[in-house]
*Asks:* 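This is the structure I want to talk about, given as structure tokens.
Just so we're clear, the structure is a prediction, and the values are computed from it rather than from any experiment. All heavy atoms count here, side chains included; hydrogens, waters and symmetry mates do not.
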Amino acid sequence: MVFLGADASQPMQKREKSFGIQMLSVQPDTKPKGCAGCNRKIKDRYLLKALDKYWHEDCLKCACCDCRLGEVGSTLYTKANLILCRRDYLRLFGVTGNCAACSKLIPAFEMVMRAKENVYHLDCFACQLCNQRFCVGDKFFLKNNMILCQTDYEEGLMKEGYAPQVR
């Protein structure tokens, strides 16, 4: 028996080369810092600090989609001398897999549900007998690699007499 928690969905790829982004207020009495992106002095009211360097808000962008990284979150990713947003990092370097319910490919950037070694699309994470979707806090059971709701699991216990495996 497993309880579905609020943090159960997660990307398939673990965060490897992620770095934090800080937004700092520029103090008027400090010497202007140089931007790592354009090499000009930062005279704006705010600047970003990432990778131990300072950036204009407009200069810290994803190398693929050109989104402003300070606006899309507090994390950036680097690999192969690229600065990337989370989505592009996972799209380019993430691990893909197949859904245990529908067997279709799950892109690396997609949120998933896990039950032991099985990985599922969010839409596929439902009782495989009655198709009831699970909500946060619901119990689900994994029996012979099938996800079951509590009702179907208990009915199976009574019909087949199999012993519960609480994990």
Side-chain angles (χ1 to χ4, degrees), residues 2-128 131 133-138 140 142 145-147 167:
V2 181
F3 287 97
L4 184 57
D7 61 345
S9 63
Q10 54 188 305
M12 288 184 66
Q13 176 71 16
K14 294 178 184 173
R15 290 185 188 174
E16 286 186 47
K17 307 252 181 172
S18 64
F19 298 91
I21 301 171
Q22 294 177 296
M23 180 175 277
L24 304 172
S25 179
V26 177
Q27 303 301 319
D29 57 341
T30 60
K31 180 181 170 193
K33 301 193 183 315
C35 175
C38 68
N39 295 319
R40 292 188 303 227
K41 296 290 182 198
I42 302 173
K43 298 178 183 175
D44 302 341
R45 185 172 177 189
Y46 296 100
L47 59 82
L48 298 175
K49 183 177 181 185
L51 304 171
D52 292 325
K53 299 175 183 173
Y54 297 97
W55 309 76
H56 289 106
E57 290 179 82
D58 288 336
C59 292
L60 188 57
K61 293 183 179 181
C62 175
C64 287
C65 69
D66 221 27
C67 70
R68 292 172 52 166
L69 293 171
E71 291 179 357
V72 296
S74 60
T75 306
L76 63 83
Y77 298 79
T78 64
K79 189 163 183 172
N81 290 326
L82 297 171
I83 296 175
L84 302 164
C85 66
R86 179 181 172 275
R87 182 175 177 92
D88 284 328
Y89 175 80
L90 292 173
R91 183 176 57 79
L92 294 170
F93 303 109
V95 176
T96 59
N98 290 354
C99 176
C102 72
S103 299
K104 292 181 182 172
L105 185 70
I106 303 173
F109 58 83
E110 189 171 310
M111 298 299 277
V112 299
M113 297 301 294
R114 295 180 188 271
K116 293 199 172 259
E117 62 277 346
N118 297 334
V119 182
Y120 303 87
H121 293 107
L122 291 181
D123 290 339
C124 294
F125 194 73
C127 177
Q128 291 178 309
N131 294 320
R133 301 266 328 259
F134 297 106
C135 297
V136 173
D138 287 350
F140 69 91
L142 191 61
N145 270 342
M146 285 181 60
I147 300 174
R167 297 194 187 246

*Asks:* Within a strict 4.5 Å, meaning less than it, do heavy atoms of the Leu24 and Leu48 side chains meet?
*Replies:* no
*Asks:* Do you know which two heavy atoms are closest between Asp138 and Arg133, and how far apart they sit?
*Replies:* OD2-O, 4.1 Å
*Asks:* For the pair Thr75 and Ile21, evaluate side chain to side chain contact (heavy atoms under 4.5 Å, CB included) and give the outcome as yes or no after the intermediate values.
*Replies:* CA-CA 6 Å; Thr75 306; Ile21 301 171; 5.9 Å; no
*Asks:* Nearest heavy-atom pair of Ala100 and Tyr120: which atoms, and what distance?
*Replies:* CB-CE2, 3.5 Å
*Asks:* Does CZ in Arg40 sit with more than 12 non-hydrogen atoms of other residues, nucleotides or ligands closer than 6.0 Å?
*Replies:* no
*Asks:* Test side chain to side chain contact (heavy atoms under 4.5 Å, CB included) on Val26 and Arg45; report intermediate values, then the result.
*Replies:* CA-CA 5 Å; Val26 177; Arg45 185 172 177 189; 5.9 Å; no
*Asks:* Are Lys116 and Leu142 side-chain neighbours, meaning at least one heavy-atom pair lies under 4.5 Å?
*Replies:* yes
*Asks:* Keeping Arg91 on the side-chain end and Pro107 on the backbone end, is there a donor-acceptor pair under 3.5 Å?
*Replies:* no
*Asks:* Closest approach of Ala50 and Leu76, non-hydrogen atoms and distance?
*Replies:* CB-CD2, 3.7 Å
*Asks:* Dump the intermediate steps for side chain to side chain contact (heavy atoms under 4.5 Å, CB included) on Asn118 and Met146, then the final yes or no.
*Replies:* CA-CA 10 Å; Asn118 297 334; Met146 285 181 60; over 6 Å; no
*Asks:* Which atom pair, heavy atoms only, marks the closest approach of Leu69 to Cys62?
*Replies:* CG-N, 3.8 Å
*Asks:* Okay, side chain of Asp88, backbone of Cys85: is any donor-acceptor separation there less than 3.5 Å?
*Replies:* no
*Asks:* Quick one: does Trp55's side chain have a donor or acceptor within less than 3.5 Å of a partner on Gly37's backbone?
*Replies:* no
*Asks:* Might you point out which heavy atoms bring Ala115 and Phe140 nearest each other, and give the distance in Å?
*Replies:* CB-CE1, 3.8 Å
*Asks:* Check for me whether the distance between the ring centres of Tyr77 and Phe93 falls short of 6.0 Å.
*Replies:* no
